[in-house]
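Every chain is numbered from 1, with letters handed out A, B, ... down the list of sequences. Just so it is clear, the values below take in all heavy atoms, side chains as well, and ignore hydrogens, waters and symmetry mates. Owing to the predicted nature of the structure, the values given are computational and were not obtained by experimental measurement.
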Amino acid sequence: MLLEKKWQAGFLWKYKSKMTKNDTLKIALVGNPNTGKTSLFNSLTGLRQQVGNYPGITVEKKQGSFHLENHQKVTVIDLPGTYSLNPSSIDESVTTEFLLNNEDKNFPQVAIVVAEAENLKRNLLLFTQVKDLGIPTILVINMADRMQLKGISINKENLEKQLDTTIILTSTRNNSGISELKNCIQNFQKLSGKPLFSNDISTYKDWLSSTYKIGFVEIEDKQKQIAVKKEQHQETVKRYQFINSVLKGNFEKDKTKATDFDSRLDKILTHKFFGYIIFLVLLMLMFQAIFSWSGPFMDFIDESFASLSETIASILPEGKINELISQGIIPGIGGIVIFVPQIAMLFLFISVLEESGYMSRVVFLMDKIMRKFGLNGKSVVPLISGNACAIPAVMATRNIEDWKERLITILVTPFSVCSARLPVYTILISLIVPEQKILGFINSQALALLGMYVFGIVLALLSSIILTKIIKAKSKSYFVIEMPSYKMPLLQNVFYTVFEKTKSFVIDAGKIILAVSVVLWFLASHGGETFDNAEKIVSSQLENQNLSEAELTAKIASFQIENSYIGTMGKAIEPVIKPLGYDWKIGIAIITSFAAREVFVGTLATIYSVENAEDEGTIKSRMQTATFTNGEKVFTTATGISLLFFYAIAMQCGATVAIVKRETNSWKWALLQLFGLGIMAYLAALVAYQVLN
Amino acid sequence: MQTTIDTLQKGQKAVILSFDDAIIPLKLIEMGCMEGNFVEVIQIAPLGDPIFLSVNDTNLAIRKEMASRIFVEIQK
């Protein structure tokens with residue numbers, strides 16, 4: 001009886017959720033880059049967001065939801081920013097494909113075109129195209145709060161009439177217009193779905209379906225390509241003629257007000273001398289923040305995890321489960337959580353640079369210089385954001401129009417010091433560089449870290465020069481970049497970016513580390529016959545030496561780990577890594593970190609804590625006291641530098657290999673990169689150790 | 001006077017006359033680089049390239065090479 005009721009309830013619940021799913025109103029956000037489309041998305045959905053990927057490609061798919069006043073659930077899809085429905089890259093093509101496919105279960109019932117008051121004319125091009133697909137469309141003019149500052153006035157009623165739409169003025173900065181927009185969405189049935197240019201929607205749709213790929217796919221028939229481009233050009237001219245006639249008298253811009261502030265700022269920020277100085281100072285500040293300012297937070301986390309391990313060990317009943325949790329899982333997870341402050345700080349800087357419009361100025365400043373190395377001004381963005389993570393960085397190369405420059409950027413981006421290297425560098429530097437103040441305020445360890453960043457950049461540039469000579473160009477290069485006006489970064493957006501990215505770093509890395517640390521713990525605390533009889537063997541060997549109880553326990557523990565499964569495996573590879581100055585424990589850490597670099601620290605933490613279960617130290621103190629079997633210190637300057645070189649070069653990231661394969665559309669480049677960097681890393685580490693030791 | 005965009009001085013304004021469809025990317029056209037539109041040079045990068053332009057109320061940067069393919073008439 002009870003069971004039946006439960007079943008019924010479950011059924012009803014399922015049925016209900018299915019109902020609401022069908023009733024969900026679907027809307028799509030479309031717009032030019034830099035229009036505040038994502039801010040609007042954040043304002044509408046808050047933290048109810050999911051970030052995924054479009055099937056087959058790696059464009060970020062952002063989806064979120066909210067409820068209207070009448071409790072109607074709305075799903076919002078934030079489509080990638082584009083200037084038109086004639087895409088010039090795979091990223092932009094996502095928007096076109098999505099809006100053309102009305103069979104898709106997520107096909108929007110309403111399209112919201114987000115425009116920006118300052119660039120309304122250009123933004124309307126996309127609006128007229130979306131409108132011609134016959135989708136009921138709302139035009140949002142964002143950043144309305146800047147209109148007065150920029151001397152802009154709009155006749156909203158007239159524009160609504162001539163564009164056959166509803167216009168909502170919003171400002172995500174002071175949250176105005178959002179409730180009005182929600183109202184408008186609630187009354188979506190009143191929106192016009194009529195096209196602007198023809199009465200026949202299918203003509204435009206058919207033309208678009210047959211031509212949109214021309215801008216980013218190589219086709220054989222050059223004549224056809226040129227002919228289609230002419231058609232697209234004429235279509236654009238036709239739409240602009242219409243837009244100009246609509247805006248005449250309904251949109252005024254007082255030019256003297258408009259450019260004053262920006263041009264004064266540009267005079268300094270793109271100055272031939274001060275421009276570069278400012279850029280350098282900003283980078284220095286970023287590294288100082290990553291290393292010094294996040295220090296206290298990291299120490300706090302490190303100590304918390306060490307004491308958590310201790311507490312759990314004493315609370316849980318002794319045995320295998322206790323060991324697994326206190327020696328395997330907690331040190332492993334702790335090894336990654338400790339880097340949250342640094343990663344958050346890094347994403348904070350990068351998102352502020354992007355949001356403010358400054359990143360485009362850096363591209364402008366750096367283009368000529370980067371071209372000397374076979375790169376593109378736009379390569380600066382992947383190379384800088386590669387300092388957070390190579391995966392989004394490789395994806396960020398998509399806006400580099402030239403294939404050769406793009407490929408080289410992809411190939412050298414992994415030299416940027418990604419956040420997964422940071423744990424490894426941080427801990428190695430703290431072991432080999434004594435902490436002092438240079439010139440009274442520069443932290444010596446921060447300076448060493450900066451050195452590693454510079455090393456990464458130098459490697460990237462040198463490799464580019466070599467690659468430019470090897471790789472042949474497919475087509476002529478070109479370069480177009482929008483220089484958006486300066487904006488005060490929105491706290492809300494910065495917060496979401498930092499939160500989203502840090503979360504996914506912890507979760508993605510956490511999953512791997514959890515698995516690796518459980519497997520490692522098992523392999524380190526189990527072994528064959530010698531392992532099981534460790535106590536007997538060691539005691540009989542050392543019978544005559546009169547060791548104290550504690551010394552004997554330590555001897556047994558290290559004998560055990562050497563004869564565990566992991567010890568046996570490590571010993572097997574030792575001959576290969578011995579010339580680099582590594583013992584088998586470092587060897588295991590390197591192998592496991594081919595899944596992801598940051599696993600290095602977690603692996604060592606797990607191995608050492610199994611070995612010294614009694615000693616409740618932090619990861620760092622355990623590494624400091626680690627010795628070879630002959631009693632010599634493991635982490636000497638030579639070993640440390642050899643490891644730093646190895647980690648600076650080797651491509652130890654499965655996810656990046658996968659992304660490079662996807663972005664270059666071939667295993668050739670991905671494997672070339674993987675093995676090329678691997679061999680380089682081994683040789684560099686070998687030379688470093690042999691010279692320094 | 002007729003010339004190409006790459007020869008314009010900082011602050012100079014001109015009207016776009018013509019360019020070859022096959023060379024100029026559609027993206028640039030969509031951003032407003034079309035026959036009859038005004039173009040103004042706002043800034044030239046420290047090493048003389050790229051060039052920071054305002055076209056059709058849009059601020060954008062292109063390389064000198066492409067700028068030399070766009071014919072303009074200088075405004076007095």
Side-chain angles (χ1 to χ4, degrees), chain A residues 32 82-84 86-89 92 118-122 125-126 214-215 222 225-226 229-230 232-234 236-237 239-241 244 253 255 258-259 262-263 266-267 270-273 275-276 360-361 363-369 371-372 376-377 401 476-485, chain B residues 4-72 75:
Chain A
N32 285 192
T82 178
Y83 292 103
S84 93
N86 305 317
S88 46
S89 70
E92 297 174 354
E118 272 173 77
N119 288 310
L120 188 60
K121 194 198 280 183
R122 193 192 67 218
L125 175 71
L126 181 62
I214 215 100
K222 290 286 166 220
Q225 196 167 12
I226 291 170
K229 227 183 124 190
K230 269 222 154 67
Q232 290 174 328
H233 180 174
Q234 280 158 5
T236 308
V237 170
R239 288 186 187 276
Y240 268 123
Q241 279 168 350
N244 283 332
K253 193 169 175 182
K255 287 236 165 161
T259 50
D262 274 34
S263 63
D266 267 326
K267 253 186 205 134
T270 62
H271 189 270
K272 63 185 166 201
F273 177 70
Y276 294 102
S360 303
R361 271 68 186 183
V363 171
F364 178 68
L365 276 178
M366 298 298 289
D367 184 60
K368 186 82 186 273
I369 299 170
R371 247 187 291 165
K372 289 204 165 47
N376 185 303
E401 292 86 353
K476 247 190 136 27
S477 92
Y478 78 88
F479 173 91
V480 179
I481 184 171
E482 190 192 347
M483 307 286 273
S485 53
Chain B
T4 48
I5 290 181
D6 62 309
T7 64
L8 297 179
Q9 302 291 312
K10 193 171 148 184
Q12 232 170 0
K13 287 178 195 163
V15 177
I16 297 172
L17 295 175
S18 67
F19 51 81
D20 184 353
D21 277 43
I23 297 164
I24 301 302
L26 184 68
K27 195 178 200 172
L28 191 56
I29 300 170
E30 286 171 342
M31 285 175 122
C33 178
M34 285 178 302
E35 291 92 337
N37 275 349
F38 286 96
V39 53
E40 182 187 344
V41 175
I42 296 187
Q43 182 80 275
I44 296 171
L47 300 165
D49 195 11
I51 304 169
F52 181 171
L53 306 170
S54 165
V55 196
N56 193 39
D57 295 343
T58 294
N59 290 338
L60 51 88
I62 58 175
R63 284 181 184 165
K64 227 173 169 171
E65 208 271 332
M66 202 193 298
S68 72
R69 309 290 190 114
I70 304 170
F71 297 93
V72 291
Q75 294 283 295

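Interface remark: A:K230 contributes backbone and side-chain atoms alike to the contact with chain B (heavy atom separation under 4.5 Å). Within the 4.5 angstrom heavy-atom criterion, only side-chain atoms of A:L125, from C-beta onward, approach chain B. Of the atoms belonging to A:D266, heavy atoms from both backbone and side chain fall under 4.5 Å from chain B. For A:T270, the parts lying near chain B are the backbone and the side chain together; criterion is any non-hydrogen pair under 4.5 Å. For A:E92, the part lying under 4.5 angstrom from a heavy atom of chain B is the side chain only. Heavy-atom distances place no part of A:F273 under 4.5 Å from chain B, backbone and side chain included.
Separation of the A:F364 and B:F52 ring centroids falls under the 6.0 Å cut-off.
Counting only N and O atoms by type, the side chains of A:E118 and A:S485 include a donor and acceptor under 3.5 Å apart. Donor-acceptor pairing under 3.5 Å is recorded for the side chains of A:R122 and B:T58.
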Is there a side chain to side chain contact (heavy atoms under 4.5 Å, CB included) between B:V55 and B:M34? Walk through the geometry before answering.
CA-CA 9 Å; B:V55 196; B:M34 285 178 302; over 6 Å; no
Please test B:L53 against B:I5 for side chain to side chain contact (heavy atoms under 4.5 Å, CB included), starting from the C-alpha separation and ending with a verdict.
CA-CA 9 Å; B:L53 306 170; B:I5 290 181; 3.8 Å; yes
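For A:Y240 (side chain) and A:K121 (main-chain N/O), no donor-acceptor pair under 3.5 Å exists by modelled atom type.
Considering only heavy-atom pairs separated by less than 4.5 Å from chain A, the leading option among B:K64, B:K27, B:E35 is B:K27. Per-residue heavy-atom pair counts under 4.5 Å with chain B were compared for A:V480, A:I481, A:T236, and the maximum is reached by A:I481. Among A:K272, A:Q232, A:K368, A:H271, the residue with the largest count of heavy-atom pairs under 4.5 Å with chain B is A:K368.
The pair B:D6-B:R69 fails the salt-bridge criterion, with no side-chain N (NZ, NE, NH1 or NH2) lying under 4.0 Å from an Asp/Glu carboxylate O.
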